[in-house]
Amino acid sequence: DAMVIQNPRYQVTQFGKPVTLSCSQTLNHNVMYWYQQKSSQAPKLLFHYYDKDFNNEADTPDNFQSRRPNTSFCFLDIRSPGLGDAAMYLCATSRDRVTSTDTQYFGPGTRLTVL
Amino acid sequence: GDSVTQMEGPVTLSEEAFLTINCTYTATGYPSLFWYVQYPGEGLQLLLKATKADDKGSNKGFEATYRKETTSFHLEKGSVQVSDSAVYFCALSTPGGYNKLIFGAGTRLAVHP
């Protein structure tokens, strides 16, 4: 089945130790999104790629970066994780971003713990 | 800025009870509205959507109507099942907003036999 895959599902890192989360998709969608969801809060968009065009949200900390080497894969890099970065990280895709009606397809998420 | 407000949970119901989860929004322009559901251990799945005023989205027995006059998109189901136990998120996206989703905080539903 076409889907959005995130690896790993659970990631434990140490304070200040760089970590990379992975997302892949078989939908061949142009747009890939990364959301952060802290405990009992709403998912919040960090950034998105439209093809190779990177778009950062204004309030996303510099500590968070992303790479999209090809259509299928997108990575979230946290350069120096702090305790406040512990959260569920959700990857999503959509076919396009021109309209506001396109469905976003989500992966199962990666739960990040920072010790 | 744009925002979504959902009723707080958890909501606990007996099987076959009627469900309402309230959702209101604040947005400039004319947003599209969505309900996503997250089952335990899984990602978010689109449950239903509506893209203009008075549209009704429906799926799997769930319904929600886009009410512009009250800026609401309440989720309803006539008879819930144990398998409906999940977290439900109301969300919006606005034209020109590159399809960015703005979510409510989510409402946890627990259905008991």
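Quick note on labels: first sequence line is chain A, next is B, and so on, each numbered from 1. Since the model is a prediction, treat every value here as computed from it, not as a measurement.
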Q: Could you tell me whether B:E8 atom CD has more than 12 heavy atoms of other residues or ligands within 6.0 Å of it?
A: no

Q) Aromatic rings B:F62 and B:Y88: how do their planes relate, parallel, tilted or perpendicular, breaks at 30° and 60°? A) tilted

**Q.** A:Q104 portion near chain B, given a 4.5 angstrom heavy-atom threshold
**A.** both

Q | SG proximity flag B:C23/B:C90, limit 2.5 angstrom | A | yes

Q.
So for A:Y105, is it side chain, backbone, both, or neither that comes closer than 4.5 Å to the heavy atoms of chain B?
A. neither

(Q) Please classify the contact of A:S94 with chain B as side chain, backbone, both or neither, using a heavy-atom distance under 4.5 Å. (A) side chain

Q: Please work out which of the three classes, parallel, tilted or perpendicular, describes the rings of A:F73 and A:F75, given edges at 30° and 60°.
A: parallel

Q. Ring centroid separation for B:Y25 and B:F73, is it under 6.0 angstrom?
A. no

Q) Hey, which of A:C91, A:G107, A:A92, A:P43 has the most heavy atom pairs under 4.5 Å with chain B? A) A:P43

Q) In terms of heavy-atom pairs under 4.5 Å, which option from B:K49, B:R108, B:Q38, B:Q45 contacts chain A the most? A) B:K49

(Q) Could you go through B:H74 and B:T24, starting from their C-alpha distance and side-chain angles, then the distance that decides it, and tell me whether this counts as side chain to side chain contact (heavy atoms under 4.5 Å, CB included)? (A) CA-CA 8 Å; B:H74 303 322; B:T24 58; 4.3 Å; yes

Q: Would you check if there is a donor-acceptor pair between the side chains of B:Q6 and B:T107 at a distance under 3.5 Å?
A: yes

Q) Highest number of heavy-atom pairs under 4.5 Å with chain B: which of A:M88, A:Q6, A:E57? A) A:E57

Q: Check whether A:Q37 gets within reach of chain B through its side chain, its backbone, both or neither, counting any heavy atom under 4.5 Å.
A: side chain

Q: Please state whether the side chain, the backbone, both or neither of A:R9 comes within less than 4.5 Å of a heavy atom of chain B.
A: side chain

Q: Measure B:L46 against the heavy atoms of chain A and call it side chain, backbone, both or neither at under 4.5 Å.
A: side chain

